[in-house]
Every structure is written in structure tokens, then in C-alpha cells.
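Please read the structure below before turning to the comments.
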Amino acid sequence: MALYSEKVMDHFRNPRNVGSIENADGVGEVGNAKCGDIMKIYLKIDEDVVSDVKFETFGCGSAIASSSMATELIKGKPVGEALALTNKAVAEALDGLPAHKLHCSVLAEEAIRAAVKDYYDKNGVAYDAEQFSSPCAACHA
């Protein structure tokens with residue numbers, strides 16, 4: 001059995017939505033050099049919908065694939081749906097990740113949450129701080 005699914009390899013070799021968005025409405029950066037994965041997500045929001053999303057990821061193939069898939073899953077969706085995206089949904093959309101790489105899908109979820117929080121903060125949108133407190137133990141230790 002292969003270590004990575006065909007979808008993981010496809011999103012690693014042909015990542016979607018790579019780059020940055022100038023004057024992004026929300027930007028989220030998570031991870032650290034200690035674990036080797038740093039993920040930055042840029043959001044463009046129009047009428048409460050993610051009209052564009054880009055990412056810059058420094059890390060392993062699983063981190064790049066997770067970033068790519070996560071951006072595909074939230075593009076064109078309402079901000080609330082983007083915020084509800086889970087690491088489990090990202091991993092499932094990739095047809096699974098090896099157990100020791102699941103933290104990559106967690107980073108994707110956290111980067112999106114951080115970008116949405118940044119958008120909310122910039123626009124004075126009230127929110128429950130609890131919904132933004134789920135640090136990746138592997139990367140924030």
C-alpha cells in the first residue's frame with residue numbers, strides 16, 4: 001500500500017490556489033519552524049463569501065496538499081462554512097493522510113480560522129473567542 005493517496009500526490013504535485021492576495025481581507029499564519037511546517041492563508045471576502053483564497057506553505061508534501069485541498073473546499077463558500085471546515089474533512093477529501101502527518105490537516109484548519117479571525121477583527125465582527133482556540137499541539141509546543 002502506498003504511503004500517500006493519489007489525491008495527496010496530485011495536490012502536492014499540482015497545488016491549487018498557490019500565492020498571495022494583495023490587500024487580502026483576512027490573513028492567517030500558523031505553524032513554526034520547529035515542526036517544519038508554516039502555512040499562510042489569504043482570504044478575499046465579498047458579501048460574506050470567500051471569493052478568492054490563496055496559500056503559501058513551507059513544509060512537507062502533506063502540508064502543501066492539505067493547504068491546497070483546504071483552499072479548494074472553502075472557495076466560493078460563505079465565511080461561516082469556511083470557519084466550520086475541520087481537519088478531518090480536509091484529510092477525508094485527500095483520501096486520508098498517514099497518522100504522523102495528520103497535523104498538516106490541523107494546520108490547514110487553523111490557518112483558515114486565523115484568516116477568518118483576522119477578517120472579523122479588521123471588520124469589527126463580533127465572535128466567540130472560544131471558536132478560535134484550538135492550537136496544534138504538535139506545532140505550538
Side-chain angles (χ1 to χ4, degrees), residues 1-125 127-141:
M1 182 174 131
L3 185 60
Y4 296 105
S5 72
E6 287 183 31
K7 280 189 183 177
V8 170
M9 294 307 297
D10 181 42
H11 278 268
F12 167 62
R13 290 183 179 128
N14 307 293
R16 284 67 152 176
N17 307 308
V18 175
S20 62
I21 297 175
E22 194 171 322
N23 300 316
D25 295 311
V27 179
E29 184 172 351
V30 297
N32 68 36
K34 192 189 313 182
C35 78
D37 297 316
I38 300 172
M39 203 173 282
K40 193 169 189 177
I41 299 277
Y42 301 84
L43 300 176
K44 189 70 176 166
I45 311 290
D46 292 308
E47 297 183 23
D48 202 44
V49 171
V50 178
S51 60
D52 197 12
V53 56
K54 301 278 188 207
F55 78 90
E56 296 175 316
T57 294
F58 176 82
C60 67
S62 294
I64 292 166
S66 292
S67 303
S68 175
M69 180 58 81
T71 61
E72 287 288 279
L73 292 170
I74 67 168
K75 196 173 201 176
K77 301 283 197 266
V79 173
E81 282 186 39
L83 188 56
L85 182 70
T86 65
N87 68 300
K88 182 178 177 184
V90 172
E92 286 175 357
L94 288 168
D95 292 338
L97 288 169
H100 67 285
K101 293 294 183 178
L102 283 174
H103 73 278
C104 296
S105 62
V106 172
L107 281 175
E109 174 187 336
E110 289 185 345
I112 290 168
R113 284 180 184 222
V116 170
K117 182 181 182 299
D118 183 51
Y119 167 70
Y120 284 172
D121 288 343
K122 287 177 179 175
N123 291 280
V125 177
Y127 58 84
D128 178 3
E130 285 290 313
Q131 72 187 123
F132 295 100
S133 61
S134 62
C136 172
C139 296
H140 298 286

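Since the structure is predicted, the reported quantities are computational estimates derived from the model, not experimental observations.
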- Message: Just verifying a value: how many Å separate Asp48 CG and Glu81 CD, rounded to the nearest 0.5 Å?
- Response: 10.0 Å
- Message: Is any side-chain heavy atom of Leu94 closer than 4.5 Å to one of Tyr4?
- Response: no
- Query: Nearest 0.5 Å, what's the CZ-CD distance between Arg13 and Glu6?
  - Reply: 9.5 Å
- Note on the structure: In this structure, NZ of Lys117 is separated from CG of Leu83 (nearest 0.5 Å) by 12.0 Å
- Query: Are more than 12 heavy atoms from other residues, nucleotides or ligands located less than 6.0 Å from atom OH of Tyr127?
  - Reply: yes
- At their closest point, which heavy atom of Ala91 faces which heavy atom of Leu97, and how far apart are they? CB-CD1, 4.3 Å
- With side chains defined as the heavy atoms from C-beta onward, is the minimum distance between Ile45 and Asn123 less than 4.5 Å? no
- Query: At their closest point, which heavy atom of Ile41 faces which heavy atom of Ala111, and how far apart are they?
  - Reply: CG1-CB, 3.3 Å
- Message: By the definition side-chain contact (heavy atoms from CB on, under 4.5 Å), identify the one residue from Val30, Ile64, Ile112 that meets it with Met39.
- Response: Val30
- Look at atom NZ of Lys122 and say whether more than 12 heavy atoms of other residues, nucleotides or ligands are closer to it than 6.0 Å. yes
- Task: Begin from the C-alpha positions of Val8 and Asp95 and carry the test side chain to side chain contact (heavy atoms under 4.5 Å, CB included) through to its verdict.
- Result: CA-CA 8 Å; Val8 170; Asp95 292 338; over 6 Å; no
- Message: Once side-chain contact (heavy atoms from CB on, under 4.5 Å) is applied, do any residues pair with Val18, and if so which ones, sequence neighbours excluded?
- Response: Pro15, Phe55
- Output all residues satisfying side-chain contact (heavy atoms from CB on, under 4.5 Å) with Lys44, sequence neighbours left out; order by chain, then residue number. Ile21, Asp25, Asp46, Ser51, Asp52
- Message: Give me the atom names and distance for the closest heavy-atom approach of Ala65 to Phe12.
- Response: CB-N, 4.1 Å
- Item | Nearest-0.5 Å distance that lies between atom CD in Glu56 and atom CG in Asn17 | 12.5 Å
- Query: Quick one: side-chain contact (heavy atoms from CB on, under 4.5 Å) partners of Arg16, sequence neighbours excluded?
  - Reply: Asp10, His11, Asn14, Ser68, Glu72
- Quick check: does any side chain N or O of Asp37 sit under 3.5 Å from a backbone N or O of Cys60, one acting as donor and the other as acceptor? yes
- Note on the structure: When rounded to the nearest 0.5 Å, the distance separating NZ of Lys40 from CZ of Phe58 is 14.5 Å
- Distance, nearest 0.5 Å, that separates OG of Ser105 from CG of Leu85: 9.5 Å
